[in-house]
Colleague: 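Mind having a look at this structure? Questions to follow.
Worth knowing before you read on, the calculation uses all heavy atoms, side chains too, and leaves out hydrogens, waters and symmetry mates.
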Amino acid sequence: MFQPFQGTPNYPELEQSILKLWDEGHTFDALREKNRDGEPWRFQDGPITANNRMGVHHAWGRTYKDIFNRYHAMRGRRLRWQNGFDCQGLWVEVEVEKALGFKGKPDILAFGLENFSRACRERVEKFAGVISEQSKRLGQWMDWERSYYTFDDSNIEHIWGFLKKCHEEGWLAQDYRVMPWCPRCETSLSQHESADSYKEITHRSVYVKLPIQENGATENGKRFSGDSFLVWTTTPWTLTANVAVALNPELTYVRARTDDGVMILSKGTVATALKPGYEVLGEVPGRELVGLQYSGPFDDLPLQQESQSKTPRRAVAWEDVGETEGTGIVHIAPGCGAEDFELGKREGLGFIVPVTQSAHFVTDAGFLVGKHALDDVETIFDGLRQRDRLYRVQKYAHSYPHCWRCSHELIFNAVQEWFIRADAGERPARQRLRKAAREVEWIPEYAGKRMDDWLANMGDWCISRKRFWGLPLPFYLDEAMGEIVVIGSRAELRERAVDPAKFDALPELHRPWIDDTELRSHDGQRTLKRVPEVGDAWLDAGIVPFSTVGYNGATDLRMPPESGSIDLDYQAKLPEDSRQETLTFSGIGRGEQRTVDAVQQITSSPLFEPLLLREGNLFLKISAGDDLNIGEVQEIVWPIREASGVDEVNLYWGLAFNQDLQDEIQVAVSTQLSGLREWQPADFITEMREQVRLWFFSMLFMSVALEDRAPYKRAMVYETMLDENGERISKTKGNGVPYDEAVAQIGADPMRWTFCGNPLNKDIRFGYGPIHESARKLITLWNVYSFFVTYANLDKPNLSESIVNRHSSFVNPLDRWILARLQRLVGEVSGALENIEPSNITRGVEKFVGDLSTWYVRRSRRRFWKGENDNDKTAAYQTLHHVLLTLCKLIAPVIPFTAEAMYQNLKAPLPNAPQSVHLCDWPQVDESLRDDELIVEVEGVLQCVSLGHAARKESGVKVRQPLSRVLVQAPSPAMRAAIENWRDTVLDELNVKDLELLDDAGELVTYSLKANLPKLGKKLGPKMGAVRQAFENASPEDARRIGEAAKQGEAFTLQVGDEAIDFAADEVLVQTQQQSGYSFASENGWAVALDTTLNDDLIDEGLKNDFVRAVQNARKEAGFEVSDRIAILLAPGEESRLPHVFEKFGDTIQAETLADELRLVPADYPELMQVKIGDESIGLRVEKSV
RNA sequence: GGGCUCAUAGCUCAGCUGGUUAGAGCGCCACACUGAUAAUGUGGAGGUCCCUGGUUCGAGUCCAGGUGGGCCCA
């Protein structure tokens, strides 16, 4: 009937076999087919960088994605199942450089951009494949063949459209910013990249004197003439770019006489900055120094000239200047430091960039031309000496950023980059973004606060990178006109291209190829080149909500040079569910002027030609008649594009054309819009927390720019993965768990269970320990399953009927209880999935499985191994079968392999069961099976039994030894009834003959009272304390009077201090306690006591139990099957009580041990084993019956 | 400097709108069971709920301040 299952599962083996099963059964395809017409569940996958193999932290996120996708699929929702790969940007370049052994840009250029781009593409394609395989192994279901790739031309073109829109909004700008820069790699690093790369290093810092000039704008000029500002820096090369000094107007400065003249520096730094032998002449408030002019360190260098003529060197005020190091006067070089740059902006200082990308001094650096900023520091010192500017050189140890790739020291350099302004234009982005973000449901909520904080404080978005493998920014500078031309689509690029043929020959929209396409300026006079920069990779990821639904319309068009035709696989670029798989577009047409860029034809319809592409927007040109011209079509189509809403589509039907063609045209047009309508905004996205300001942000930005709304409705974030000791995982420490190893050794499901169980707002501590712990937790479930399978195979019960149809006949309260409990679980798990509380799934299931194992199965065991197949036994089987099947469905989203493995076996008796658990419908709560009272009742029974066990332990009498009587006092009438209902269970569980419920109305009862705080608190206020005391300290008489009144539901009065207060019955909690000679185990109003007096009958029965246990042990040791029949041979001692026991219980013993024979043998009989029964030792042997 | 967040048993975590003696699982110790047995059950030990102050009849829970950890921004 069922495949036998014993022991513990080997997950890796099991999972491989399930993968094979899914593969061969085309289970995933079947699921999609099943949900074909379902309501969409819009999950938007965030692209994983296809850069390297994936790690366990990726598996974490992918587990979440898979859980919710599978759940909604079981709910019948239709999904896109589209995985995404992030394919461009510095991260890819870096890995390729590493693989090729490159040190930086020069190596790349030597290698050739074409080769480099090809290498990048190859790496991405390779690892996309690897990651797909790894993900499949995790059990993640996606349509791997249809993953999106951000390096696709379509993706790129959609970003172009967005950038053009930004330009139209007036947001696009070119500006300088100071970037960390690696001179060896000749690459700027984002802050993200330089964050963790600080190292201790010793520099030669330098104190420089800057003589104050008389010709100042201030009257003080004369006063300080001849004195010098003393400044200090650890980066001497930046002195060439000095444009100001900054000091704190709130600090006190001094004039100090030294061997090198009179210095001005802050009072607090005198001792450390000046060489011994100085003399302080007097103090000066900082504010009196502001505005003083001075001569800079290298005023004579050509690169200084222009700047100086504009802004004379002067002292500016800066509140951030401190005295902890230096001189309290800071040298300012806005071209070489981010803070300096900000200050420079504020003070209008301008800036100088003294070195090239390789840190060599620029051509107008005078004596320093060609020298290296860091290596030739001695030359700089010489220059200072020659100009009498050097006061002192001192070694200085500090923490300084280094390139994380090559470990070279970084420098900071102002470079020109492209920005999207947050606050520019008539409809600035910032407030629109914040508004859109507020519409999103953030999980946990703080993710929304974080997003809002980011949006409120973010600077302009720097979208350019001076790199190679990335989105080519479609910006073309027309310097003569002072114009930026932003290209929004390939059609537009082709239209403006100097040589469209060259454009048509482009293999892909990447460098270096794209750089060859040059534009005509508007007046046709000049040729425009693309800016060399590529885009921020977050543009690539941010556009996917649009690019994956074909927002721009036909995106895969390629223009034939003049005429002829080209076939396009249009379907591949459309959303999965579009209904036009059969349509192929081809052909070319030409319109007048520049309104018509391309005309395509539906090949199967020679009657009209149409579908026109312009600026990335699809619309129709009807050529079947001349009654329409382009302009008219435009008018109709614009609103469709603008609103992308359903209603506007109808406008299209205002066009008059051949009735026969309507359907085809409708299909073609609606696709473009339906993708957006159907799949946007996303119902759900999830990534780790840092993505709030990265991917979530870039998607939001792009969507707000294009559609003025958030592209997702619910966004879930999770925290950081740490190792199991709570340490940050790092490659150098090697404390991470390798995904491939973990999945091969322990399996995916234990990992998935671990991930799912982690609270969203907590970092996960992950390692082999936690995975094993999860595996252990799941063992309980496997045990129950194994128990069921084992006994069902013996009994072959009828399981073909659905229990739900006949549950009314299930009279055994255990069955009713576990089914009620199951309904509650279904509600809990469904709620957890709907409300996106994944950890509540595992919590709920674990608790349930505990109840199932420790109470239902344990209490039902005897029902399963009774001899005959009666109704109760069948009911037990059917109940457990149903519970396990339902449980499989509930855990299917989280641990799909385990669920499938169990389901495959359990479904055997059900002829119409779906072929996979993942094709089952999600369980619904069956209202008729709910029974909350029963659940509460059983909770009480469990507590009572637990106390009974405690009492037994107290008494020191084993459970095997029957006792005559247990006394139980229940805390409430309901609980009394519960015990009454479950009397037999309690008796059996505690192995006692009789249960007596103590009557709490009896004389022997004492009452104790407690105030019902929630009820009384509000009513009494400050008197609460006294009343509480009064209840607890009530005299026995009062307590009895009140207790009995309350029991009857009558009001009563209690004297509290001077006051007699009236109370309602439910304002007091009454507990009663039996006074008697027994010792209780008691808790929460329960009291349980055991009568431990033994008589001969009880002792005999105890011996019988002992004997049966010994026989069962012997059976097991002999390796007999559970169903084998045996003969028992035994040799009791002379004085043994056992023969007497056999007389009394022989039949029972034989029945319980499946013994056909019970034979006494002499003590010297061969191969007897000695066992202990009660206090005596006897010889025992079991043999298989013939 | 600003924002977010966390702090409860050895570990991982529950603890709903304040309410009576703060819970679970794992681990540990002890015991039991022996027809789920490389299982199972029961019990026990183990807590100043980070600190201080406030609100309140009553605070793990609410408020303020602080300490410590994490993340982000500057």
Side-chain angles (χ1 to χ4, degrees), chain A residues 5-8 191 195 320 338-339 342 444-454 456-459 688-690 692-693 719-720 722 724-726 728 754 757-759 761-765 769-770 772-774 776-777 779-780 782-791 794 839-840 842-843 846-847 850 853-855 857-858 861-862 864-865 945-954 956-960 989 991 1010-1028 1031-1032 1069 1081 1083-1084 1105 1108-1113 1115-1116 1120-1123 1152-1154:
Chain A
F5 179 85
Q6 293 274 304
T8 51
Q191 279 193 331
D320 288 355
E339 286 146 344
E342 285 307 310
E445 272 181 45
Y446 61 73
K449 294 184 193 168
R450 177 161 287 230
M451 175 61 98
D452 190 61
D453 183 55
W454 166 255
N457 297 305
M458 66 174 182
M688 45 189 153
R689 183 185 45 191
E690 54 262 43
V692 166
R693 63 175 186 89
E719 298 294 306
T720 313
L722 306 172
E724 47 194 300
N725 303 314
R728 188 153 282 279
T754 312
N758 196 68
N761 64 346
K762 298 241 162 87
D763 291 340
I764 190 169
R765 294 193 175 196
H772 277 122
E773 193 177 319
S774 285
R776 245 173 286 133
K777 283 178 185 168
I779 279 180
T780 314
W782 283 102
N783 277 325
V784 175
Y785 165 77
S786 156
F787 174 89
F788 173 81
V789 167
T790 306
Y791 286 101
L794 289 178
S839 67
N840 285 349
T842 54
R843 198 187 343 276
E846 283 171 18
K847 177 83 173 75
S853 167
T854 64
W855 193 248
V857 172
R858 195 160 58 81
R861 267 187 299 194
R862 287 191 182 275
F864 287 101
W865 63 67
V945 167
S946 166
L947 285 166
H949 281 294
R952 243 194 195 273
K953 191 180 154 130
E954 187 78 16
V957 185
K958 294 178 175 181
V959 178
R960 212 182 297 140
E989 184 72 16
N991 196 16
K1010 280 186 174 175
N1012 190 347
L1013 297 179
K1015 289 237 185 263
L1016 284 173
K1018 276 183 198 138
K1019 174 173 158 187
L1020 293 174
K1023 278 186 280 186
M1024 191 67 233
V1027 169
R1028 195 172 164 184
F1031 273 122
E1032 280 166 26
L1069 302 174
E1083 192 178 83
N1084 291 341
N1105 290 342
V1108 169
R1109 174 192 59 90
V1111 172
Q1112 302 290 21
N1113 251 349
R1115 282 182 63 115
K1116 195 169 65 188
F1120 296 169
E1121 295 293 322
V1122 173
S1123 52
E1152 290 194 14
T1153 58
L1154 293 185

Colleague: Restricting to nitrogen or oxygen on both sides, can you table the protein-nucleotides 4-6 of chain B pairs closer than 3.5 Å?
Modeller:
residue : atom : partner : partner atom : Å
B/C4    : O2   : A/R450  : NH2          : 3.3
B/U5    : OP1  : A/K449  : NZ           : 3.0

Colleague: With distance as the sole test, does A/T842 use its side chain to make a donor-acceptor pair with the main-chain N or O of A/S839 at under 3.5 Å?
Modeller: yes

Colleague: Using atom C1' in both nucleotides, what's the gap between B/U12 and B/G19 to the nearest angstrom?
Modeller: 28 Å

Colleague: Within the 4.0 Å heavy-atom criterion, would you say A/V1027 contacts the bases, only the backbone, or no part of the nucleic acid?
Modeller: nothing

Colleague: Between the protein and nucleotides 10-12 of chain B, list every N/O to N/O distance that falls short of 3.5 Å.
Modeller:
residue : atom : partner : partner atom : Å
B/U12   : OP1  : A/R765  : NE           : 3.0
B/U12   : OP1  : A/R765  : NH1          : 2.5
B/U12   : OP1  : A/R765  : NH2          : 3.4

Colleague: I'd like to check the side-chain hydrogen bond (donor to acceptor under 3.5 Å, both in side chains) partners of A/D453; sequence neighbours left out, ordered by chain and number.
Modeller: A/N457

Colleague: To the nearest Å, how far apart are A/F787 CZ and B/U40 C1'?
Modeller: 11 Å

Colleague: Please check this pair: side chain of A/D763 against backbone of A/T720, looking for a donor-acceptor N/O pair closer than 3.5 Å.
Modeller: yes

Colleague: With sequence neighbours excluded, what pairs up with A/K1023 under the salt bridge (Lys or Arg N to Asp or Glu O under 4.0 Å) test?
Modeller: A/E1059

Colleague: Among residues at least two apart in sequence or on other chains, which ones pass salt bridge (Lys or Arg N to Asp or Glu O under 4.0 Å) with A/D452?
Modeller: A/R434

Colleague: Could you pull out the closest heavy-atom pair between A/A1011 and A/L1069, with the gap in Å?
Modeller: O-CD1, 4.2 Å

Colleague: Testing the basics here: between A/T754 and A/P770, what is the closest heavy-atom pair and its distance to 0.1 Å?
Modeller: OG1-O, 3.7 Å

Colleague: Go through B/C72, B/G70, B/A36 for me and flag the one nearest to the A/R693 side chain.
Modeller: B/C72

Colleague: If I pick the P atom on B/C6 and the same atom on B/C50, what distance separates them, to the nearest angstrom?
Modeller: 13 Å

Colleague: Mind checking what makes ring pair (Phe, Tyr, Trp, His ring centres under 6.0 Å) contact with A/F1031, not counting sequence neighbours?
Modeller: A/F1063

Colleague: Please name all residues satisfying salt bridge (Lys or Arg N to Asp or Glu O under 4.0 Å) with A/K847, sequence neighbours left out, ordered by chain then number.
Modeller: A/D851

Colleague: One pair to check against side-chain contact (heavy atoms from CB on, under 4.5 Å): A/K1010 and A/E1032. What are the steps and the verdict?
Modeller: CA-CA 6 Å; A/K1010 280 186 174 175; A/E1032 280 166 26; 4.2 Å; yes

Colleague: In whole Å, what is the span from the NZ atom of A/K777 to the P atom of B/C13?
Modeller: 10 Å

Colleague: In whole Å, I'd like the distance from the CG atom of A/N1012 to the C1' atom of B/U21.
Modeller: 16 Å

Colleague: Between A/D452 (CG) and B/C72 (C1'), how many Å, whole number?
Modeller: 14 Å

Colleague: How long is the straight-line distance from CD of A/E989 back to OG of A/S946, given to the nearest 0.5 Å?
Modeller: 10.0 Å

Colleague: Name the nucleic acid region contacted by A/L1069, choosing base, sugar-phosphate or nothing; use a 4.0 angstrom heavy-atom cut-off, strictly under.
Modeller: base

Colleague: Could you pull out the protein-nucleic contacts involving nucleotides 45-47 of chain B (nitrogen or oxygen on both sides, under 3.5 Å)?
Modeller:
none

Colleague: I'd like the C1' distance from B/U20 over to B/U61, given in whole Å.
Modeller: 15 Å

Colleague: Take atom CZ of A/R843 and atom P of B/A24, then tell me their distance rounded to the nearest Å.
Modeller: 14 Å

Colleague: Answer yes or no: is there a donor N or O on one side and an acceptor on the other, between the side chain of A/R1028 and the main chain of A/M1024, under 3.5 Å?
Modeller: no

Colleague: Taking the six-membered ring for Trp, are the ring centroids of A/F864 and A/F787 within less than 6.0 Å of each other?
Modeller: yes

Colleague: Quick one: A/N783 CG to B/C33 P, roughly how many Å, whole number?
Modeller: 20 Å

Colleague: Report the distance from atom NZ of A/K847 to atom C1' of B/C13, rounded to the nearest whole Å.
Modeller: 15 Å

Colleague: Let me confirm one number: the CZ-CZ distance from A/R693 to A/R450, rounded to the nearest 0.5 Å.
Modeller: 9.0 Å

Colleague: Is there side-chain contact between A/Y785 and A/F788, with heavy atoms separated by less than 4.5 Å?
Modeller: no

Colleague: Answer yes or no: does atom CD of A/E339 have more than 12 heavy-atom neighbours from other residues, nucleotides or ligands under 6.0 Å?
Modeller: no

Colleague: Would you classify A/A1011 as touching base, sugar-phosphate or nothing, given that sugar-phosphate means primed atoms plus P, OP1 and OP2, and contacts are heavy atoms under 4.0 Å?
Modeller: base

Colleague: Within less than 4.0 Å of OP1 or OP2 of B/C33, is there a side-chain N or O belonging to A/R1109?
Modeller: no

Colleague: Given the P atoms of B/U5 and B/C62, what is the spacing between them in whole Å?
Modeller: 12 Å

Colleague: Just by modelled atom types, is the A/F5 backbone N or O under 3.5 Å from a matching donor or acceptor in the A/S786 side chain?
Modeller: yes

Colleague: Name the residue closer to the 5' end of RNA chain B, choosing between A/E342 and A/S786 according to the nucleotide with the nearest heavy atom.
Modeller: A/S786

Colleague: Give each protein N/O atom lying under 3.5 Å from an N/O atom of nucleotides 56-59 of chain B, with the pair distance.
Modeller:
residue : atom : partner : partner atom : Å
B/C57   : O4'  : A/G1021 : O            : 2.8
B/C57   : O4'  : A/P1022 : N            : 3.4
B/C57   : N1   : A/G1021 : O            : 3.4

Colleague: For atom C1', what is the distance between B/G18 and B/U56, given to the nearest Å?
Modeller: 9 Å

Colleague: So, using salt bridge (Lys or Arg N to Asp or Glu O under 4.0 Å) as the criterion, who are the partners of A/E724 when residues are at least two apart?
Modeller: none

Colleague: Considering only the C1' atoms, how many Å lie between B/A22 and B/A9, rounded to the nearest integer?
Modeller: 11 Å

Colleague: Considering heavy-atom distances to RNA chain B, does A/V857 or A/W454 have its closest nucleotide positioned more toward the 5' end?
Modeller: A/V857

Colleague: For the residue pair A/Y446 and A/V692, establish whether any side-chain heavy-atom pair is separated by less than 4.5 Å.
Modeller: no

Colleague: Please produce a list of atom pairs where a protein N or O lies less than 3.5 Å from an N or O of nucleotides 41-43 of chain B.
Modeller:
residue : atom : partner : partner atom : Å
B/G43   : OP1  : A/S946  : OG           : 2.1

Colleague: Please state the C1' separation for the pair B/C33 and B/U17 - nearest whole angstrom.
Modeller: 45 Å

Colleague: In whole angstrom, what separates A/H772's NE2 from B/A38's P?
Modeller: 18 Å

Colleague: Using a 3.5 Å cut-off on both pairing distances, which stems of three or more Watson-Crick or G-U pairs include RNA chain B?
Modeller: B:1-7 with B:67-73, B:10-13 with B:23-26, B:28-32 with B:40-44, B:50-54 with B:62-66

Colleague: Can you check the distance between B/U48 and B/U42, where both ends of the measurement are the P atom (answer in whole Å)?
Modeller: 28 Å

